[in-house]
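Only one structure is covered here, and it is reproduced in the block below.
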Number of protein chains: 2
Amino acid sequence: MFKALADPTRRILLDELTERDGQTLFELCGRLATKHGSSSSRQAISQHLDVLEAAGLVVTRRDGRYKFHHIDTDPLRPIVARWLGDEPGG
Amino acid sequence: MFKALADPTRRILLDELTERDGQTLFELCGRLATKHGSSSSRQAISQHLDVLEAAGLVVTRRDGRYKFHHIDTDPLRPIVARWLGDEPGG
DNA sequence: TGGACAGGCAAGTGGCTGCTTGCCTATAGT
DNA sequence: ACTATAGGCAAGCAGCCACTTGCCTGTCCA
């Protein structure tokens, strides 16, 4: 799961899904190319999304020929509390 | 910084420093071999500590021929809030 | 001053990872 | 049925990363 966060492109994908949840692959491709100047191909982004889904950070929902990607931040919460000692307030 | 967390050995090192702060390289080597069954060599662990230090997660303090490693959890706090939307209570 | 201990630097190597390339499946519109 | 769109699968390649190996510097103790 930590490895899923290690890649900058994947973090940008999470940023995009945070800003606008439920985007399709092609939408994310366009967003990354336009807003972030990323030159990643469709396959590259698709594979990144696979990694994020395998890590549980992204859940997908199919509707016809579209596949919508939704962010799931639940796995993110305990990963840092491991070393912060479960102090929620900081 | 995320890449620093991507390696399991480095996460174990942070675990060790959380449990007992200010350990030397040789102490950490012994701990990892004994408690975690890690077969990492001294150089490997030294390089991991370098990565953690470069990421700002570990600060070092020299005292004679000893070098003590201290964990710094401050960089950990904002990294997840990026996607959690700064909700401290969860 | 010499030896043991704690740590560092640099080159080399194997495996993993991210990306590309090429082709394929499935749905929507006409 | 035909075409365009949205997405998937698999092989191959290049770069990076973790690890090893070998040697070196600096510090404590007798």
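Keep in mind the model is a prediction, meaning the values are calculated, not measured. When reading the values below, keep in mind they use all heavy atoms of this one structure, side chains included, and skip hydrogens, waters and symmetry mates.
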With heavy-atom distances below 4.5 Å as the criterion, would you say the side chains of B:D15 and A:R82 are in contact?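 Yes, their side chains come closer than 4.5 Å.
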Reading 5' to 3' through nucleotides 4-17 of chain C, protein heavy-atom contacts under 4.0 Å coded B for base, S for sugar-phosphate only, - for none: -BSBBB-------S
Nearest 0.5 Å, please: how far is CD in A:Q43 from CG in A:D50?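 Answer for the CG-CD pair, A:D50 versus A:Q43, is 11.0 Å.
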Please check if any side-chain donor atom of B:H70 sits under 3.5 Å from a side-chain acceptor atom of B:R61, or the reverse.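 Result is yes, a qualifying pair exists.
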Would a distance-only check, ignoring hydrogens and angles, find a side-chain to backbone donor-acceptor pair under 3.5 Å from A:S41 to A:A44?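 Yes; at least one donor-acceptor contact below 3.5 Å.
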Hey, are B:K35 and B:E19 close enough for a salt bridge, meaning a charged N less than 4.0 Å from a carboxylate O?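 So B:K35 pairs with B:E19 through a salt bridge.
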